[in-house]
Amino acid sequence: MTEVLQNQIEYYRARAPEYDDWFYRRGRYDQGEAHTRQWQREVQQIRDQLHSASAFGRILEMAPGTGIWTAELIQIGERVTALDASPEMIKINRAKLLSDKVDYQLTNLFSYEPPRQYDMVFFGFWLSHVPADRLSSFLETVRRALKPGGRLFFVDSGKVDRSPSHTGTANLGGELQRRVLKDGRQFDIVKIYYEPAELTTALRKHGFDIEVQSSGNFFIYADGRKLP
């Protein structure tokens, strides 16, 4: 699994220039107008929920990628600390936002120890890349990073959006997927499609008052608090 996690880092470093094509349903991710409209509606649903609370002091964003959600977080918080293992992702994020409210750190999240507690922790499309045997330790890291009563918010892939054939994705069984980039390079990574109830139970065991929900088709998301 250590080798797979290193491959996962290399995959996202290599994927950085084409990541936004996936999120905005462009090029090989375009599945037609109806699909894109539904995708956009569900993204907006999650965006609206994220903006339902604001005026946070310090926000920790784990795996911020190209800045799609960082752009939202700087609207609801005073400062954002963005942790990513890909310098290529950080470079795109920084150039896109040009914000002095974001502190970028090149960090492997599997070895990260929070130096302080934050008013909010956010991660987008990251939890599904955490191996099942590391989920508990990762959630403990999140718990340590969040102030009592602090907000935890995340969004991730739902089961409907798995393995569209035109993206060159293949399920390898268990937790693993094989991903193919535009240039043909292949990477084996972790990808787990959680049931909302299953993930809710795990989060509550680690001290979060939270419920994982489905947006309808494409995403799961959760908005909750760390218990005192």
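Model, not experiment: these values are computed from the prediction.
- Under a 3.5 Å cut-off, the side chain of Gln117 and the backbone N or O of Arg144 do form a donor-acceptor pair.
- In this structure, CZ in Phe138 is found 11.5 Å from NE2 in His129, a value given to the nearest 0.5 Å.
- Using a cutoff of 4.0 Å between basic side-chain nitrogens and carboxylate oxygens, Lys91 and Glu88 are not scored as salt-bridged.
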Residues Leu73, Met120; criterion side chain to side chain contact (heavy atoms under 4.5 Å, CB included); working and verdict:
CA-CA 10 Å; Leu73 296 176; Met120 177 178 174; 4.0 Å; yes
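- Across Arg225 and Phe56, no two heavy atoms sit closer than the pair NH1-CE2, 4.1 Å.
- Using a distance-only test at 3.5 Å, with no hydrogens or angles considered, a donor-acceptor pair links the side chain of Asp30 to the main chain of Gly32.
- Contact record, Gly77 with Lys101: O-NZ, 2.9 Å, taken as the closest heavy-atom pair.
- Side-chain N or O atoms of Asp84 include one that pairs as donor or acceptor with a backbone N or O of Gly65 at under 3.5 Å.
- Taking 4.5 Å as the limit, every side-chain heavy atom of His206 sits out of range of all side-chain heavy atoms of Val142.
- Residues Leu139 and Ala202 approach most closely at CD1-O, 4.0 Å, considering heavy atoms.
- Residues Tyr118 and Glu61 fail the side-chain proximity criterion, which asks for heavy atoms closer than 4.5 Å.
- With hydrogens and angles disregarded, no donor-acceptor distance shorter than 3.5 Å links the side chain of Asp21 to the backbone of Arg26.
- Residues Ile59 and Ile76 have side chains in contact (heavy-atom distance under 4.5 Å, counting atoms from C-beta outward).
- Counting only distance, with no hydrogens or angles, the side chain of Lys191 and the backbone of Gln177 share no donor-acceptor pair below 3.5 Å.
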Arg134 and Leu5: side chain to side chain contact (heavy atoms under 4.5 Å, CB included), yes or no, with the steps?
CA-CA 11 Å; Arg134 298 196 184 207; Leu5 294 179; 3.6 Å; yes
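- For CD of Glu113, the number of neighbouring non-hydrogen atoms (other residues, nucleotides, ligands) closer than 6.0 Å is greater than 12.
- Note: Arg58 CZ to Asp103 CG = 7.0 Å, rounded to the nearest 0.5 Å.
- Without hydrogens or angle criteria, Thr200 side chain to Val212 main chain gives a donor-acceptor distance under 3.5 Å.
- At a threshold of 4.5 Å between non-hydrogen side-chain atoms, the residues Phe208 and Lys205 do not count as touching.
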What side-chain donor-acceptor pairs closer than 3.5 Å can you find for residues 145-152, not counting sequence neighbours?
unit_1: Lys147; atom_1: NZ; unit_2: Asp119; atom_2: OD1; d: 3.1
unit_1: Arg151; atom_1: NE; unit_2: Asp223; atom_2: OD1; d: 2.8
unit_1: Arg151; atom_1: NH1; unit_2: Leu50; atom_2: O; d: 3.0
unit_1: Arg151; atom_1: NH1; unit_2: Ala53; atom_2: O; d: 3.4
unit_1: Arg151; atom_1: NH2; unit_2: Gln49; atom_2: O; d: 3.0
unit_1: Arg151; atom_1: NH2; unit_2: Leu50; atom_2: O; d: 3.2
unit_1: Arg151; atom_1: NH2; unit_2: Asp223; atom_2: OD2; d: 2.9

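- Few gaps surround CD on Gln75; more than 12 heavy atoms of other groups in view lie less than 6.0 Å from it.
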Using the rule given for side chain to side chain contact (heavy atoms under 4.5 Å, CB included), can you reason through Leu181 versus Phe187, listing the C-alpha separation, both sets of side-chain angles and the distance that settles it, and then say yes or no?
CA-CA 8 Å; Leu181 297 177; Phe187 297 83; 3.7 Å; yes
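- Cluster membership check: Ile9 does not share its hydrophobic cluster with Leu176, using side-chain heavy-atom separations under 4.5 Å among Ile, Leu, Val, Met, Phe, Trp and Tyr.
- The backbone N or O of Ile210 lies less than 3.5 Å from a partner atom in the side chain of Arg204, making a donor-acceptor pair.
- Rounding to the nearest 0.5 Å places CD1 of Ile189 at 7.5 Å from CZ of Arg15.
- Side-chain atoms of Arg13 and Ser86, non-hydrogen and from C-beta on, do get closer than 4.5 Å to each other.
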Working note: Glu140 + Arg143, criterion salt bridge (Lys or Arg N to Asp or Glu O under 4.0 Å); need CA distance, chi angles, decisive distance, verdict.
CA-CA 5 Å; Glu140 276 301 299; Arg143 188 187 62 79; 2.9 Å; yes
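- The only member of Tyr193, Phe23, Trp39 that meets ring-ring contact (aromatic ring centres under 6.0 Å, His included) when paired with Phe219 is Trp39.
- Of all the heavy atoms in Ser128 and Asp156, the pair that sits closest is OG-OD1, 2.7 Å.
- Residue Trp126 is tested with Phe110, Phe154, Tyr12 for a ring-ring contact (aromatic ring centres under 6.0 Å, His included); the sole match is Phe110.
- For the 3.5 Å distance criterion, the side chains of Gln105 and Tyr112 fail to qualify, holding no donor opposite an acceptor.
- Listed for the Gln186 side chain is no donor-acceptor partner under 3.5 Å among the backbone atoms of Arg178.
- Residues Ala71 and Leu97 come closest through the heavy atom pair N-CD2, 3.9 Å.
- Side chain of Arg94 to backbone of Gly67: no donor-acceptor contact under 3.5 angstrom is found.
- The minimum heavy-atom distance between Arg25 and Thr36, with the atom names listed, is CB-OG1, 3.9 Å.
- No side-chain donor-acceptor contact under 3.5 Å links Gln38 to the backbone of Ala34.
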Could you walk me through whether Met89 and Tyr104 pass the side chain to side chain contact (heavy atoms under 4.5 Å, CB included) check?
CA-CA 11 Å; Met89 289 285 192; Tyr104 297 97; over 6 Å; no
Arg41/Gln44 under side-chain hydrogen bond (donor to acceptor under 3.5 Å, both in side chains): CA gap, chis, key distance, verdict
CA-CA 5 Å; Arg41 279 194 293 267; Gln44 189 59 49; over 6 Å; no
Start with the C-alpha gap between Phe153 and Trp69, add the side-chain angles, then the distance that decides, and say whether ring pair (Phe, Tyr, Trp, His ring centres under 6.0 Å) holds.
CA-CA 11 Å; Phe153 195 110; Trp69 296 101; 7.5 Å; no
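- For the residue pair Gln40 / Arg37, no side-chain donor-acceptor distance below 3.5 Å is found, with atom types taken as modelled.
- Atom CG of Leu60 is separated from atom OG1 of Thr81 by 6.0 Å, given to the nearest 0.5 angstrom.
- Not less than 6.0 angstrom separates the ring centroid of Phe125 from the ring centroid of Tyr19.
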